[in-house]
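Down below is the structure, laid out as structure tokens.
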Amino acid sequence: MPKASSAAQLNRMSAEPGLPTGYLHSVETGAAVDGPGMRFIFFVSGCQFRCQYCHNPDTWKLHNGRPLSLDEAMAEVRPYKGFLRMAGGVTISGGEPLMQAPFVGALFQRIKSELGLHTALDTQGFLAGNLPDAWFDPVDLVLLDIKQIDPEKHLKLTGQALQPTLDFAKRLVRLGKKMWIRYVLVPDITDNDVDILTLADFVVSLGPAVERVEVLPFHQMGAHKWESLGIDYPLARTPTPTAEQVQRARSLLASRGLLVT
């Protein structure tokens with residue numbers, strides 16, 4: 001189960017009078033890697049994971065983002081609605097969007113009802129157990145980040161338990177939601193053949209709800225953020241995986257019949 005502090009944060013936000021306020025790290029227009037087609041992406045702030053390979057540690061603290069209302073958020077995306085209807089849609093990412101579940105849920109509702117756009121949620125699903133099924137009604141696609149399939153390695157890598165993420169994946173199957181599974185390949189941390197095949201077997205068990213598996217090579221582009229925040233970066237000496245390492249991981253996943261990109 002999620003830590004009490006995370007659940008308490010959600011409860012406090014839910015209890016605020018009136019419409020929920022969000023905390024936004026940044027937006028990106030014309031993105032092509034966070035869902036189908038071209039995407040408008042809201043990157044919200046706040047995350048209870050402390051992934052060793054995180055390239056946006058500046059999103060960890062909720063109130064590091066700028067506050068904005070639902071109307072302000074809609075005003076950000078509304079000018080692009082015509083293009084997005086034809087070319088893609090809206091993705092809400094982070095940080096971890098479920099840290100701001102009241103705001104993010106209300107924003108998804110308005111994007112769907114007012115703009116009629118395809119919606120995607122990029123999450124590790126750890127806090128999903130706090131939410132009713134109806135929260136996910138306006139979500140068309142979930143980009144589900146599975147950080148590591150070995151529970152002990154997952155805890156060491158992220159600081160949090162694995163099981164809530166796996167439970168969420170199974171729940172999405174029950175809800176009839178489509179998924180893309182995302183897996184960051186880190187040399188000596190997530191590139192073990194046994195771990196990758198175990199992940200593949202779990203994903204296969206989810207059936208046709210999983211449309212694809214994305215293997216995302218680790219990179220060092222966020223290293224300067226750790227330094228600027230005065231945080232020790234545990235993977236400072238970890239290399240980017242070679243093309244051969246990436247291809248091996250993709251081949252192992254594909255050997256179970258999965259569509260892998």
Side-chain angles (χ1 to χ4, degrees), residues 1-28 34-35 39-50 56 58-78 81 84 89-145 158-161 164-165 167-169 171-172 174-179:
M1 291 294 293
K3 289 186 176 180
S5 58
S6 297
Q9 176 68 59
L10 284 170
N11 290 337
R12 283 196 300 272
M13 293 181 69
S14 298
E16 290 178 0
L19 296 176
T21 295
Y23 293 90
L24 183 68
H25 174 266
S26 58
V27 300
E28 183 175 351
D34 292 287
R39 316 294 295 182
F40 183 102
I41 308 177
F42 289 99
F43 293 97
V44 296
S45 59
C47 186
Q48 78 283 31
F49 275 33
R50 294 295 180 264
N56 285 318
D58 50 326
T59 66
W60 287 352
K61 293 184 178 180
L62 180 70
H63 293 96
N64 278 358
R66 66 176 172 91
L68 80 168
S69 68
L70 286 169
D71 285 344
E72 289 169 333
M74 290 297 293
E76 298 248 5
V77 68
R78 198 180 298 277
K81 65 179 181 180
L84 293 172
V90 177
T91 299
I92 302 183
S93 184
E96 169 48 55
L98 299 188
M99 283 284 289
Q100 300 192 47
F103 175 78
V104 170
L107 181 55
F108 271 135
Q109 288 280 1
R110 289 191 59 176
I111 290 169
K112 182 59 69 177
S113 64
E114 296 178 24
L115 305 182
L117 298 176
H118 181 276
T119 56
L121 169 68
D122 183 6
T123 180
Q124 22 81 349
F126 185 81
L127 292 174
N130 293 315
L131 302 174
D133 289 350
W135 191 95
F136 299 95
D137 286 350
V139 178
D140 295 311
L141 173 70
V142 176
L143 311 176
L144 182 60
D145 301 299
T158 70
Q160 300 288 357
T165 296
D167 292 342
F168 179 53
R171 182 182 179 191
L172 290 172
R174 176 175 62 80
L175 293 176
K177 296 296 179 180
K178 296 298 184 181
M179 283 177 271

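What you are looking at is a predicted structure, and each value in this text was computed from that prediction instead of being measured.
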Closest heavy-atom contact between G35 and L141? CA-CD2, 4.5 Å

Apply side-chain contact (heavy atoms from CB on, under 4.5 Å) to residues L84 and L115 and explain how you reach the verdict. CA-CA 10 Å; L84 293 172; L115 305 182; over 6 Å; no

Has Q100 got a side-chain atom pairing as donor or acceptor with Y23's backbone, closer than 3.5 angstrom? yes

Indicate yes or no for a side-chain donor-acceptor contact from Q109 to the backbone of P138 under 3.5 Å, with no hydrogens or angles considered. no

Going by the rule side chain to side chain contact (heavy atoms under 4.5 Å, CB included), which residues pair with T59 if we only count those two or more places apart in sequence or in a different chain? H25, N56

Only counting residues at least two apart or in another chain, list the ones meeting salt bridge (Lys or Arg N to Asp or Glu O under 4.0 Å) with D71. R110

Is there a donor-acceptor pair closer than 3.5 Å between any side-chain N or O of T119 and the backbone N or O of F108? no

Please check: side-chain N/O of Q124 versus main-chain N/O of E96, any donor-acceptor pairing under 3.5 Å? no

Gap between atom CD of E72 and atom CG of L107 - 0.5 Å precision: 12.0 Å

Which heavy atom of L70 sits nearest a heavy atom of A106, and at what distance? CD1-CB, 3.7 Å

State, to 0.1 Å, how close P102 and P20 come at their nearest heavy-atom pair, and which atoms those are. O-CG, 3.6 Å

Taking salt bridge (Lys or Arg N to Asp or Glu O under 4.0 Å) as the definition, give me every residue that meets it alongside K177, ordered by chain and number, with sequence neighbours left out. none

Could you tell me whether F136 and F168 have their ring centroids closer than 6.0 angstrom? yes

Heavy-atom closest contact (L131 atom, A101 atom, distance): CD2-CB, 3.6 Å

Check for a donor-acceptor pair, side chain of R39 on one end and backbone N or O of V90 on the other, with a separation under 3.5 Å. yes

Using a strict threshold of under 4.0 Å (side-chain N to carboxylate O), is an ion pair present between K81 and E114? no

Quick one, L98 and W135 - any side-chain contact, counting heavy atoms below 4.5 Å? yes

Can you name the salt bridge (Lys or Arg N to Asp or Glu O under 4.0 Å) partners of D145, sequence neighbours left out? none

By side chain to side chain contact (heavy atoms under 4.5 Å, CB included), K61 pairs with (sequence neighbours left out) N64

Ring pair (Phe, Tyr, Trp, His ring centres under 6.0 Å) with F49: which residues, sequence neighbours excluded? F126, H154

Would you check, one step at a time, whether the test side-chain contact (heavy atoms from CB on, under 4.5 Å) holds for I92 with V139? CA-CA 10 Å; I92 302 183; V139 178; over 6 Å; no

Kindly determine whether M99 and V44 satisfy side-chain contact (heavy atoms from CB on, under 4.5 Å), including the steps that lead there. CA-CA 9 Å; M99 283 284 289; V44 296; over 6 Å; no

Give, for atom OG of S93 and atom CG of L121, the distance between the pair rounded to the nearest 0.5 Å. 8.5 Å

Steps toward side-chain contact (heavy atoms from CB on, under 4.5 Å) verdict (F42, I111): CA-CA 12 Å; F42 289 99; I111 290 169; 4.3 Å; yes

OG1/T21 to CG/L68 distance, rounded to the nearest 0.5 angstrom? 8.0 Å

Using 0.5 Å steps for rounding, measure from the CD atom of E76 to the CG atom of L24. 6.0 Å

Within this structure, what is the NZ-CG distance for the pair K112 and L117, rounded to the nearest 0.5 Å? 7.5 Å

How long is the gap from OG1 on T165 to CG on L127, to the nearest 0.5 Å? 9.5 Å

Using a strict threshold of under 4.0 Å (side-chain N to carboxylate O), is an ion pair present between D133 and R174? yes

Heavy atoms only: give me the nearest P164-A161 pair and the separation to one decimal. CD-O, 3.7 Å

